Amino acid sequence: MPIDTSAKIYVAGHRGLVGSAVVRKLNQLGFHNLLLVTHSDLDLTNQLAVDTFFATNQPQYVILAAAKVGGIHANKTYPADFITLNLQIQTNVIVSSYKHKVTKLLFLGSSCIYPKFSPQPIPENALLTGPLEPTNKWYAIAKIAGIKMCQGYRLQYKFDAISAMPTNLYGTNDNFHPENSHVLPALLRRFHEAKINNLDKVVVWGTGSPLREFLHVDDLADAVIFLLENYSDLEHVNVGSGNEVTIKELAELVKEVVGFKGELIWDSTKPDGTPRKLMDNSKIAGLGWTPKISLRDGLVDTYKWYLENYGK
Ligand SMILES: NC(=O)C1=CN([C@@H]2O[C@H](COP(=O)(O)OP(=O)(O)OC[C@H]3O[C@@H](n4cnc5c(N)ncnc54)[C@H](OP(=O)(O)O)[C@@H]3O)[C@@H](O)[C@H]2O)C=CC1
Ligand SMILES: C[C@H]1O[C@H](OP(=O)(O)OP(=O)(O)OC[C@H]2O[C@@H](n3cnc4c(=O)[nH]c(N)nc43)[C@H](O)[C@@H]2O)[C@@H](O)[C@@H](O)C1=O
């Protein structure tokens with residue numbers, strides 16, 4: 001069902017990669033009653049503050065894009081933070097949304113919820129069928145708990161809470177931290193810095209053999225609003241691009257887009273993580289949504305944004 005453009009929509013995490021893309025999309029569509037509050041004004045790990053915020057502001061829709069997020073190194077290095085902060089943020093927001101009569105909530109998980117050796121492409125029903133990838137199981141367990149909370153509140157209280165599981169994302173407002181970011185922004189920055197400093201080599205982590213699926217965050221934002229308007233059911237929904245590349249292919253593509261002419265060196269002391277995680281997109285495709293942005297176009301666009309915002 002289409003949502004009225006005057007509906008009060010709270011986008012939690014609106015300055016992040018996903019939250020900012022959702023806000024851009026909502027603005028494009030004419031939504032004009034967005035509720036946005038920064039981390040420093042509302043710490044979502046603070047239960048009392050979250051509850052007071054909901055009681056005061058009474059949002060009608062909630063898109064939960066606030067989380068502790070990072071790449072393989074950050075996940076491995078800060079397991080306590082990844083499990084604790086994510087459990088706190090999502091529990092506070094889901095419980096207060098229910099308690100203060102939010103019409104609908106959308107929770108964002110991640111493709112890392114699935115077992116390390118899942119059937120490929122990974123269908124939604126692969127959840128909880130095998131052991132998780134060790135580098136990110138702390139984060140994955142928090143995300144699985146979020147899905148289960150949405151299901152529990154739907155079953156027990158008929159609260160309209162749904163969950164979307166995006167694949168690896170990238171785009172405007174990504175995190176370009178050299179160690180803690182995801183692979184795509186990390187490589188864009190490393191190749192760019194190597195190019196401007198006339199270096200002849202760039203180090204890339206792992207063996208290059210893992211396969212990953214990348215989705216531009218503007219496509220994800222489109223899917224989030226699509227699901228909010230068109231899906232109300234128990235099971236979570238995969239959101240991917242349907243295309244996968246090896247990390248080696250990704251590194252070659254980033255090198256070409258940035259225009260770096262040197263050599264790639266593989267650091268096999270760094271973890272590869274899960275060998276492959278291609279999402280089965282047939283559920284969301286069956287509902288009528290498909291992605292539009294190719295990896296090459298998305299990379300060119302993200303590099304342009306990086307140059308405008310960080311590049312020297
Ligand atoms: N990036 C990716 O590849 C993928 C992301 N996802 C999911 O999408 C969602 C958004 O991720 P993404 O946009 O990449 O993450 P970002 O780190 O870019 O953004 C997260 C946002 O959450 C805010 N935030 C974090 N902690 C708190 C807190 N305690 N109180 C208030 N705000 C807080 C951050 O604010 P501040 O920066 O000020 O701390 C930031 O605005 C997450 O649920 C993530 O699991 C799923 C699959 C892949
Ligand atoms: C979205 C998803 O993201 C995380 O999982 P991941 O897909 O393994 O994340 P990643 O992007 O950090 O790495 C992908 C691959 O790329 C290789 N790689 C090469 N060179 C760099 C590099 O320079 N940085 C990084 N980060 N990786 C590199 C790296 O070794 C790995 O083989 C989850 O923890 C969890 O957060 C989650 O849900």
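Note that this is a predicted model, so its numbers are computed, not measured. Atoms within each ligand, like the ligands themselves, are counted from 1 in listed order.
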So, regarding Thr274 and ligand 2 (criterion: nitrogen or oxygen to nitrogen or oxygen, under 3.5 Å), is there a contact or not?
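No: no nitrogen or oxygen of Thr274 is under 3.5 Å from one in ligand 2.
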Sub-4.0 Å heavy-atom contact, [X] with ligand 2:
X: Asn168; value: yes
X: Lys76; value: no
X: His73; value: no

Got a second to check how far Gln58's CD is from Phe53's CZ, nearest 0.5 Å?
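The distance works out to 11.0 Å.
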Determine, using heavy atoms of Thr45 and all atoms of ligand 1, whether some pair is separated by less than 4.0 Å.
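Thr45 counts as a contact of ligand 1 under the 4.0 Å cut-off.
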Can you classify the ring geometry of Trp305 versus Phe176 as parallel (below 30°), tilted (30 to 60°) or perpendicular (above 60°)?
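Rings of Trp305 and Phe176: parallel, as their planes differ by under 30°.
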Protein heavy-atom partner closest to atom 41 (O) of ligand 1 - residue, atom, separation in Å
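Looking only at protein heavy atoms, the one closest to atom 41 (O) of ligand 1 is Gly16 N, 3.2 Å.
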Region of Ala74 engaging ligand 2 - heavy atom pairs below 4.0 Å:
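For Ala74, there is no contact with ligand 2 at all, from either part.
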Under the 6.0 Å and 45° cation-pi test, does Lys8 pair with Tyr61?
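No, a cation-pi geometry is absent between Lys8 and Tyr61.
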Taking the six-membered ring of Phe82, is the NZ or CZ of Lys68 close enough (under 6.0 Å from the centre) and on axis enough (within 45°)?
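Satisfied, under 6.0 Å and within 45°.
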May I ask which of [options] has a heavy atom nearer to [atom] than the others do?
atom: atom 22 (C) of ligand 2; options: Trp266, Trp138, Phe214, Trp205; result: Trp205
atom: atom 29 (C) of ligand 2; options: Gly273, Pro210, Gly206, Pro271; result: Pro271
atom: atom 45 (O) of ligand 1; options: Phe214, Tyr170, Phe82, Tyr139; result: Tyr139
atom: atom 6 (P) of ligand 2; options: Lys248, Lys270, Arg212, His177; result: Arg212

Under 4.0 Å from a heavy atom of Arg190: give me the atoms of ligand 2 that qualify, with their elements.
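Numbered from 1, ligand 2 contributes 22 (C), 23 (O).
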Can you list the atoms of ligand 2 that are under 4.0 Å from a heavy atom of Gly71?
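Checking each atom against Gly71, I get 12 (O), 34 (O).
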Using a 3.5 Å cut-off on N or O atoms only, is His14 in polar contact with ligand 1?
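His14 vs ligand 1: no N/O contact under 3.5 Å.
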